[in-house]
Amino acid sequence: MTATAASPEVRAALRGQQIEVPSWAYGNSGTRFKVFAQPGVPRTPEEKIADAAQVHAYTGIAPIVSLHIPWDRVEDYAKLAAHAADLGVRIGAINANVFQDDDYRLGSVTNPDPRIRRKALDHLLECVDIMDATGSRDLKLWFSDGTNYPGQDDIRARQDRLAEALAATYQRIGEHQRILLEYKLFEPAFYVTDVPDWGTAYAHCLKLGERAQVVIDTGHHAPGTNIEFIVAFLLREGRLGAFDFNSRFYADDDLMVGAADPFQLFRIMHEIVRADALRVESGVNFMLDQCHNIEPKIPGQIRSVLNVQEATAKALLVDADALAAAQAAGDVLGANAVLMDAYNTDVRPLLREIRTEQGLDPDPMAAYARSGYAGKIAADRVGGQQAGWGA
Ligand code: RM4
Ligand code: MN
């Protein structure tokens, strides 16, 4: 199969693809051992958005930036949204952060202390106020809540407290807004995690209502988990709200999506294409949730967006009719070959062609490198406090 012979439908789907980038990818990050500062790192949410706008400028498919509160706290959110618009991007999901306060040692919304639960809920509600100001549709919730030792707290009571906070937040969101509930197998809690898997997230979302949907962070599973099954299942139920894309070799590594396992990314995108969920109207939000600890951040984000785009192009090239015929005939090897044929296609010439048609440089990595932006921010952003998540 030659990719450049791709149909107009495939090309249109690729042109319409939208990927959301995280503001925190541009700040300093690291492991619990060391955060390596980089020159030119943003000091303010405005500068993070400026960097995100670069990723969109060169890829053409990353027009949305997620914020994390309080990391991106500003006085005037409407002004921040206007700043984003000036730079050709817009503000996407608001990520709540109830995991970085001393009060949350025993949990946030599931904490045994009602005062701390109230404080956590107030933060979630504040995030909805911010969404109203930025025009954001999605409130993204990830809870670090859990316990470290058997007997430490009552597992069922913690589920009750979680349900209560979610219900109060759900009541507060507008008709056009959604709660996106993320799960994660473990860490920082090592014994029980209160939202450890998609089943738990899905059950809570079902109770809340249609505007509560599940987020799949690709790094939040046990090794060997079949993520594309989860994708297919949630899409079938209309409950897949978003991805947090990244890749991992071990646990929640937050490496560049498609770096560790491009074949898995293809298999995920195949389920997306199969369910016609690539379109923006499908409501599935394709976000990155990554940290670039040792590589330069803006090129790291560009590379990641391109990795998703390449996996998407390959998924779009799957011959759906041939696949369905082979499946119906029970032709195991034939069906597998249809999928592998698409996966093994070099889609880079097609993507270069599409970029050129859109007036973009065919090679976003090289174009960014040539632009001089990295040198400019390193020279300009002197003084002040570099952004980071403070590990
Ligand atoms: C968590 C989770 C959240 C992200 C934080 C920074 O592990 O993936 O989505 O907001 O990390
Ligand atoms: Mn995540």
Side-chain angles (χ1 to χ4, degrees), residues 19-32 35 45 48 52 64-73 91-101 104 107-109 120 123-124 126-127 130-131 136 138-146 162 178-190 193-198 200-201 205 213-222 225 227 230-231 234 240-258 260 265 268 284-293 297 300-301 304 308 387-391:
I19 295 169
E20 181 162 331
V21 297
S23 68
W24 54 100
Y26 306 95
N28 284 325
S29 61
T31 65
R32 62 200 166 107
V35 172
K48 291 184 205 173
I64 321 166
V65 194
S66 303
L67 299 188
H68 218 298
I69 307 298
W71 299 339
D72 296 316
R73 198 163 256 153
I91 293 174
I94 301 299
N95 290 252
N97 180 330
V98 282
F99 52 87
Q100 282 189 312
D101 192 296
Y104 299 140
S108 62
V109 293
H123 174 71
L124 306 188
E126 179 202 350
C127 287
I130 294 171
M131 290 161 68
S136 296
D138 295 335
L139 174 65
K140 190 148 139 278
L141 302 178
W142 172 71
F143 298 107
S144 63
D145 295 40
L162 170 67
R178 311 188 298 179
I179 284 183
L180 301 180
L181 182 57
E182 181 173 355
Y183 58 91
K184 176 172 163 174
L185 177 63
F186 81 102
E187 197 202 21
F190 294 121
T193 294
D194 294 319
V195 190
D197 54 28
W198 71 267
T200 309
C205 287
Q213 309 226 320
V214 180
V215 180
I216 299 179
D217 183 313
T218 48
H220 288 189
H221 306 87
T225 301
I227 297 176
I230 305 170
V231 173
L234 291 175
L240 179 57
F243 285 98
D244 264 4
F245 277 135
N246 49 53
S247 60
R248 52 78 72 80
F249 288 97
Y250 299 100
D252 187 21
D253 303 351
D254 280 345
L255 299 174
M256 294 187 299
V257 58
L265 183 58
I268 290 172
V284 179
N285 201 345
F286 299 88
M287 310 187 205
L288 307 182
D289 177 11
Q290 302 183 168
C291 293
H292 305 289
N293 299 348
K297 296 162 196 306
Q301 286 282 290
S304 305
V308 176
W389 47 255

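All figures in this text were calculated on a predicted structure; none of them were measured in a lab. One-based numbering, in listed order, for ligands and for the atoms of each. In what follows, every heavy atom counts, from backbone to side chain, and hydrogens, waters and symmetry copies are set aside.
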Please write down residue, atom name and distance for the protein heavy atom closest to [atom].
atom	answer
atom 7 (O) of ligand 1	D252 OD2, 3.3 Å
atom 9 (O) of ligand 1	E182 OE1, 2.7 Å
atom 10 (O) of ligand 1	H68 NE2, 2.8 Å
atom 8 (O) of ligand 1	D289 OD2, 2.8 Å

- Where the Mn ion (ligand 2) is the corner point, what angle links OD2 of D217 with OE2 of E182, to 10°?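 Value returned, to the nearest 10°, is 90°.
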
- Task: Please work out the angle at the Mn ion (ligand 2) defined by atom OD2 of D244 on one side and atom OD2 of D289 on the other, rounded to 10°.
- Result: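 It is 90°, given to the nearest 10°.
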
- Task: Work out whether the distance between some heavy atom of E187 and some atom of ligand 1 is less than 4.0 Å.
- Result: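 Distance cut 4.0 Å: E187 fails for ligand 1.
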
Shortest non-hydrogen separation from [X] to [Y] and the atoms involved:
X	Y	answer
L265	G258	CD2-CA, 3.8 Å
S29	N293	OG-OD1, 2.6 Å
G241	R178	O-NH2, 3.3 Å

What are the atoms of ligand 1, with element, lying closer than 4.0 Å to any heavy atom of [X]?
X	result
K140	9 (O)
H220	2 (C), 7 (O), 8 (O)
K184	7 (O)
D217	8 (O)

- Query: Hey, is N97 touching ligand 1 through its side chain, its backbone, both or neither, going by heavy atoms under 4.0 Å?
  - Reply: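 Within the 4.0 Å criterion, N97 makes no contact with ligand 1.
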
- Message: If we set the cut-off at 4.0 Å for heavy atoms, which region of D244 has an atom near ligand 1: side chain, backbone, both, or neither?
- Response: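 Answer for D244: side chain.
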
Any side-chain heavy atom of [X] within less than 4.5 Å of one from [Y]?
X	Y	answer
D197	H221	no
L139	M131	yes
L162	D145	no
S247	D253	no

- Query: What do you reckon, does W71 have a nitrogen or oxygen under 3.5 Å from a nitrogen or oxygen of ligand 1?
  - Reply: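 No, since none of the N or O atoms of W71 sits under 3.5 Å from an N or O of ligand 1.
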
- Check whether any N or O atom of W142, backbone or side chain, sits under 3.5 Å from an N or O atom of ligand 1, and answer yes or no.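 N/O-N/O distance under 3.5 Å: no.
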
- Centres of the F99 and Y104 rings: under 6.0 Å?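 Centroid separation for F99 and Y104: 6.0 Å or greater.
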
- Query: Can D254 and N246 be counted as having a side-chain donor-acceptor contact under 3.5 angstrom?
  - Reply: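 Present: a donor and an acceptor within the cut-off.
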
- Query: Quick check: does any side chain N or O of D244 sit under 3.5 Å from a backbone N or O of D289, one acting as donor and the other as acceptor?
  - Reply: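 A pair under 3.5 Å: no.
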
